[in-house]
Peer 1: 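Can you read through this structure? Questions will come right after.
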Amino acid sequence: MKLLATLLLVGLWAATLTDAYFYVPNFMSSLPFQGGSAFAQRGGDSIVIFGGENGTNPYTNGLFQLQQTGDTFTWQALEQQNPPPGSTYGQAIVSNTGSTFLLMGGLSQSTANQLLPLQMYSYNFDSKSWGAWGGNANTNATGVPLNRQRFTATYDNNTSVYIYGGSLNNSVIFGDFYKLDTGKMQFTELPNAGEHRYGHTASMLSDGKLVVIGGVALDQNNVPDLVPMQQVLVFDTKTNTWTAQNTQSSGGSYPSTRTDHSAVVTSDDKIVIFGGDSGSDMRNRQYLNAIAILDTKTWTWEIPTVDGIPPSRRSFAVSGSFDDQHVLFAFGSALNTQYNDLNVFNLADSKWLQSFDESDSDSGSGVSGGLIAGVTIAAVVLLCIILFLLWRFQSYIRWLALRIHHDIWKPRTGEPVWAETSRIVCQIFMLFLFVCFLVFVIRQAINSPNVTQRIEEAAAQVDVPDVRFCFDGFPTYGNNDPRDPGVVCQTDTGYSCSGSIQPLDMSVFTPSFASNLGAVSCFLFRSDADFKMTSTSGANNGSRMLFTFFGDQSVNYGRVHVSLYPKQMDPNVKVYNLNDDIPVIMSDFDVLTWQVNERNDLGTTNIFEVEPYSYNALSYNLIDHRYLQPVGWNYVGFSPITNSTPEVESNFRAEAPNPNYTQTHADLAFIAIYPESFANYTDREVKMYTLLNALGFVGGIFGLLVAVQTWLFGFRPSSPWGLVHRWSVGEMKRSLLRGLQTSFKPTDSSIPLVHPLHPRFSMNNMPQDLAYESEGQRISRVEERMQMMEMLFKSYYVNDEIFRSLDNATKSVPPGSTAGSPNGPLFPSEKGADVQRSNTGGFSHMFNHRQSVASTSSDAHSQQNLNASGRL
């Protein structure tokens, strides 16, 4: 048994192992969403990243460092002095000393479609300052490549950088090839490959060969087309010669053609490529997330079978190699979507990892051969154990079979075999139907969907939500300038609630809006718990909150974004570390998720935009939503275990901007916020089907099947014994039998309904001497048998309450009066004799009456028998 349990546990453990994204929750609020960044590896454990595009800015200039530390990463924004202009699709290298970061080319707002020298900037990690190359502004320089994007700049880890291809825009594509001496900052033009190309990768091998893969090249008709993967370009830096190297595929298929992909060189000179796109226009562009590996020793492509959860499809991803076993692909973009995830690929196991933990990376996933073998062995062992138990306990099994047969095979006297057989077959069939229905009802309760019930209770006053106001596109002038953004609060009763409004520190966290109208400044209205809206007039806060917005009235393109939150579910309190007595019950993960959505402008509920010079109205309802917890008790059907989550529902109406608003108003806009109804709302989540509901269904079906069984085969009396009595064993069974024998004392009489009354009905069931007993003995035996039957019926079948009531009624009749009727006594005797009353039971009256009648007989033998009957 221990062996069987061990095999099953090992099999289940192997079947439940899975892999997923490399996931670090605290990165969610710090990693930028960007693609097209310039990056370079610094040492063996860090990647330095500059610029790129995000959802609101196509040219950023942030400088970051991603570093591997053990089995995780650290992320930091590097301090910059005199940063260069923001750029996208540039290239970068880090010097072999690790002290300098060189940024080259790229697309920026000032260089787009401009014929300028290759723009270069140098960052010193020690001084944390940038310096511009002196030739950036020399438009007449010769021997210097033009500025470009989507090119390659490959460092030989010494003093040379090889720059190849790229484009000025979609129509101007370069095919020149240069070497930059980083010591002298001088360019040398090298023999080109005779091909104009962009969006490719160039990887430096350990033997000094530069391998160019993929991208878009101009064909013989000067039409851009994807470069096939059956051939790569190889430049030998020692001989300064180009070679077109044919490749082969180990599996018969080559990687998909692609551009703007990422490439990493491993320590054994294998090139791992990831991602890319089809190079089409944005409407028809398709993206990839597949891994392909080129073995440069044999020039053979391998498309591995990858386990784990693959990253999203993308182009322009950041890539790097760590510890000769793991490669990283991060960030990137696809159409208008930028990513901020980190994806680690394990080269040895060919799968995407959740962490660098080797115990996790060495484990398999899915159903393995070992699991199948373990389950098979366990099944064989279990079968052997079952067969052994059947052989060892065969006598008990036979006894059990006979016992079951004895309990179900009960034909009635005179009933043929086919009738009883039909009844049992029908009973088994109905039992099968009942069990099927029982399983169905239980499964229905277990898989029951949740429904929400709304409970509304009228209230004289209701709470108010938190309201955040974010000014988008309105500049801040400072020094208490009246044009600075601001919010003033007042209720309809004139009560000032401006004291509950506080500015939020945008240096801690700044929400992003897709419109990107300009500067963003936010304010939060958060009142104390005693501030409520009241439906009646009087000395109270009022029934409506009136907010007035102020700012530069000349900015007519700006917007004010209004967001509502329940007080206990306001993430701003945690993000901006506000001091407040009302606790926020949101988890850190939910707050981080909210921040990610805010940075991508993905919020959809309870968020509205107010245009300048407009009047607006917003109604709300605060709801206590009680969600069912995923616990087994909730399947029962009463006293459910729930989580109480505050929520808010809102409706918004905006008027069109008034062109004459500024003539009569010094503010920007106005909004009224009020409860939609003065009531307390509770949304209670319940299960549609529960086990209590199932009991009603089961009882109804059971009663229906019993009725059908009775209708088909007649009524059968139910046994007064249940399972406890019938299946008891040992001392319990013996105590039941002793109790029957002691209470009913079947001394020399037969058992009613079991033994025949007279020997002539069954001579085999009675002793031989009973066949010749006298008539008096037979009458005595019948009396005892009737008394036993009376006691049995009283104990197991008949409730004697009405009989005891009758007995009490007869005892309460006064002497000399009639009982029951004015016409005569209750039991008149046949010859005027009084009826003798006995306390021995209901049938004893009849026996005493028979004795009185028989006393007139001269038959001595009959008199003897009647006297014998008086023993009752």
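We number each residue from 1, following the sequence as shown.
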Peer 1: Using every non-hydrogen atom in the two residues, find where Thr100 and Ser122 come nearest and quote the distance to one decimal.
Peer 2: CG2-OG, 3.1 Å
Peer 1: Is the shortest heavy-atom distance from the side chain of Gln338 to the side chain of Asn600 under 4.5 Å?
Peer 2: no
Peer 1: Distance only, no hydrogens: is a donor on one side chain within 3.5 Å (strictly under) of an acceptor on the other, for Thr111 and Gln114?
Peer 2: no
Peer 1: Quiz question: by atom type and distance under 3.5 Å, do the side chains of Glu53 and Thr88 form a donor-acceptor pair?
Peer 2: no
Peer 1: Kindly indicate whether the side chain of Leu294, heavy atoms from C-beta on, has any atom under 4.5 Å from the side chain of Ile213.
Peer 2: yes
Peer 1: Ring centres of Phe64 and Trp75 under 6.0 Å apart?
Peer 2: yes
Peer 1: Please check this pair: side chain of Arg42 against backbone of Gly98, looking for a donor-acceptor N/O pair closer than 3.5 Å.
Peer 2: yes
Peer 1: Looking at Ser95, is its backbone amide N or carbonyl O close enough to the side chain of Thr97 to form a donor-acceptor pair, meaning the two atoms are under 3.5 Å apart?
Peer 2: no
Peer 1: Does any N or O in the side chain of Thr259 come within less than 3.5 Å of the main-chain N or O of Gly199, such that one atom is a donor and the other an acceptor?
Peer 2: yes
Peer 1: Tell me, do Leu353 and His326 make a side-chain contact under 4.5 Å, heavy atoms counted?
Peer 2: yes
Peer 1: Looking only at the side chains, is there a donor atom on one of Asn57 and Asn54 sitting less than 3.5 Å from an acceptor on the other?
Peer 2: no
Peer 1: Using the ring centroid of each side chain, check whether Tyr164 and His200 are separated by less than 6.0 Å.
Peer 2: yes
Peer 1: How many angstroms lie between atom CG of Asn169 and atom CG of Leu107, to the nearest 0.5 angstrom?
Peer 2: 9.5 Å
Peer 1: Applying the side chain to side chain contact (heavy atoms under 4.5 Å, CB included) criterion to Gln245, which one of Leu233, Thr296, Val232 satisfies it?
Peer 2: Val232
Peer 1: Please confirm whether Phe329 and Phe274 have ring centers closer than 6.0 angstrom.
Peer 2: yes
Peer 1: Side chains of Asp601 and Ser512: is there a donor and an acceptor less than 3.5 Å apart?
Peer 2: no
Peer 1: Do you know which two heavy atoms are closest between Leu288 and Ser256, and how far apart they sit?
Peer 2: CD1-CB, 4.1 Å
Peer 1: Side chains of Tyr287 and Leu335: closer than 4.5 Å at any heavy-atom pair?
Peer 2: yes
Peer 1: Which heavy-atom pair separates Ser319 from Ala263 by the least distance, and what is that distance?
Peer 2: OG-O, 3.5 Å
Peer 1: Any side-chain heavy-atom pair from Tyr123 and Leu103 closer than 4.5 angstrom?
Peer 2: no
Peer 1: Any chance you could measure Asp277, atom CG, to Asn284, atom CG, to the nearest 0.5 Å?
Peer 2: 12.0 Å
Peer 1: Passes salt bridge (Lys or Arg N to Asp or Glu O under 4.0 Å), Lys297 versus Asp269? Steps please.
Peer 2: CA-CA 8 Å; Lys297 298 292 193 301; Asp269 283 342; 3.6 Å; yes
Peer 1: Decide side chain to side chain contact (heavy atoms under 4.5 Å, CB included) for Leu63 and Val48; before the verdict, give the C-alpha distance in whole Å, the side-chain angles of both, and the deciding distance to 0.1 Å.
Peer 2: CA-CA 7 Å; Leu63 183 65; Val48 182; 3.7 Å; yes
Peer 1: Find out whether Tyr89 and Asp260 are in side-chain contact, i.e. whether some heavy atom of one side chain is under 4.5 Å from a heavy atom of the other.
Peer 2: no
Peer 1: Do Tyr178 and Phe187 have side-chain heavy atoms sitting under 4.5 Å apart?
Peer 2: yes
Peer 1: Check the orientation of Phe177 and Tyr162. Use parallel for under 30°, tilted for 30 to 60°, and perpendicular for over 60°.
Peer 2: parallel
Peer 1: Kindly check if the number of other-residue, nucleotide or ligand heavy atoms within 6.0 Å of CD (Gln286) is above 12?
Peer 2: no
Peer 1: Can you tell me if Thr154 and Thr152 form a side-chain donor-acceptor pair at under 3.5 Å?
Peer 2: no
Peer 1: Any side chain to side chain donor-acceptor pair (under 3.5 Å) pairs touching residues 226-241, not counting sequence neighbours?
Peer 2: Gln231-Asn246, Thr239-Thr241
Peer 1: Would you kindly say whether Trp130 and Gln81 are connected by a side-chain donor-acceptor distance under 3.5 Å?
Peer 2: no
Peer 1: Tell me if the aromatic rings of Trp299 and Tyr254 count as close, with their centers under 6.0 Å from one another.
Peer 2: no
Peer 1: Is a side-chain donor or acceptor of Thr257 paired with a backbone partner of Pro228 at a separation under 3.5 angstrom?
Peer 2: no
Peer 1: Closest heavy-atom contact between Gly320 and Ile47?
Peer 2: CA-CD1, 3.7 Å
Peer 1: Would you please test Leu347 and Val272 for side chain to side chain contact (heavy atoms under 4.5 Å, CB included) and show each step?
Peer 2: CA-CA 9 Å; Leu347 294 171; Val272 183; 3.9 Å; yes
Peer 1: Hey, can you tell me if Phe101 and Phe50 have their rings parallel, tilted or perpendicular (30° and 60° cut-offs)?
Peer 2: tilted
Peer 1: Report the C-alpha separation of Ile309 and Trp352 in whole Å, then their side-chain angles, then the decisive distance to 0.1 Å, and conclude whether the side chain to side chain contact (heavy atoms under 4.5 Å, CB included) test is met.
Peer 2: CA-CA 6 Å; Ile309 303 175; Trp352 298 101; 5.8 Å; no
Peer 1: Which heavy atom of Gly44 sits nearest to which heavy atom of Phe322, and what is that distance?
Peer 2: O-CD2, 3.5 Å
Peer 1: Spell out, as yes or no, whether a donor-acceptor pair under 3.5 Å connects the side chain of Thr337 to the backbone of Ser333.
Peer 2: no
Peer 1: Does His196 form a ring-ring contact (aromatic ring centres under 6.0 Å, His included) with Phe174? I'd like the steps, not just the answer.
Peer 2: CA-CA 5 Å; His196 296 255; Phe174 299 106; 8.2 Å; no
Peer 1: Enter the distance from Gln65:CD to Ser46:OG here, rounded to the nearest 0.5 Å.
Peer 2: 4.5 Å
Peer 1: Rounded to the nearest 0.5 Å, what's the gap from CD1 on Ile163 to CG on Leu118? Could you check?
Peer 2: 5.0 Å
Peer 1: Rounded to the nearest 0.5 Å, what separation is found between the CE atom of Met204 and the OG atom of Ser160?
Peer 2: 8.0 Å
Peer 1: Main chain of Asn61, side chain of Gln80: is a donor-acceptor contact present, judged purely on distance under 3.5 Å?
Peer 2: yes
Peer 1: Between the side chains of Ser315 and His261, does any donor sit under 3.5 Å from an acceptor?
Peer 2: no
Peer 1: How far apart are the C-alpha atoms of Ser515 and Asp472, what are their side-chain angles, what is the distance that settles it, and do they pass the side chain to side chain donor-acceptor pair (under 3.5 Å) test?
Peer 2: CA-CA 9 Å; Ser515 54; Asp472 184 13; 3.0 Å; yes
Peer 1: Has the side chain of Arg285 got a donor or acceptor atom that lies under 3.5 Å from a matching backbone atom of Ser280?
Peer 2: yes
Peer 1: Can any side-chain N or O of Asn147 pair as donor or acceptor with the backbone N or O of Gly106 at less than 3.5 Å?
Peer 2: yes
Peer 1: What's the shortest heavy-atom distance between Phe331 and Gln34, and which atoms?
Peer 2: CB-O, 3.3 Å
Peer 1: State plainly whether the residues Asp176 and Arg148 are in salt-bridge range, i.e. N to O under 4.0 Å.
Peer 2: yes
Peer 1: Taking atom types as modelled and ignoring hydrogens, do the side chains of Asp307 and Ser350 form a donor-acceptor contact shorter than 3.5 angstrom?
Peer 2: no
Peer 1: For Asn336, does the CG atom have more than 12 heavy-atom neighbours from other residues, nucleotides or ligands under 6.0 Å away?
Peer 2: no
Peer 1: Any non-hydrogen side-chain atom of Pro32 less than 4.5 Å from a side-chain atom of Arg599?
Peer 2: yes
Peer 1: Let me confirm one number: the CG-CD distance from Leu218 to Gln220, rounded to the nearest 0.5 Å.
Peer 2: 11.5 Å
Peer 1: Examine distances only and state if a side-chain atom of Ser37 and a backbone atom of Gly51 form a donor-acceptor pair shorter than 3.5 Å.
Peer 2: yes
Peer 1: With distance as the sole test, does Asp349 use its side chain to make a donor-acceptor pair with the main-chain N or O of Lys351 at under 3.5 Å?
Peer 2: no
Peer 1: Using a strict threshold of under 4.0 Å (side-chain N to carboxylate O), is an ion pair present between Lys179 and Asp156?
Peer 2: no
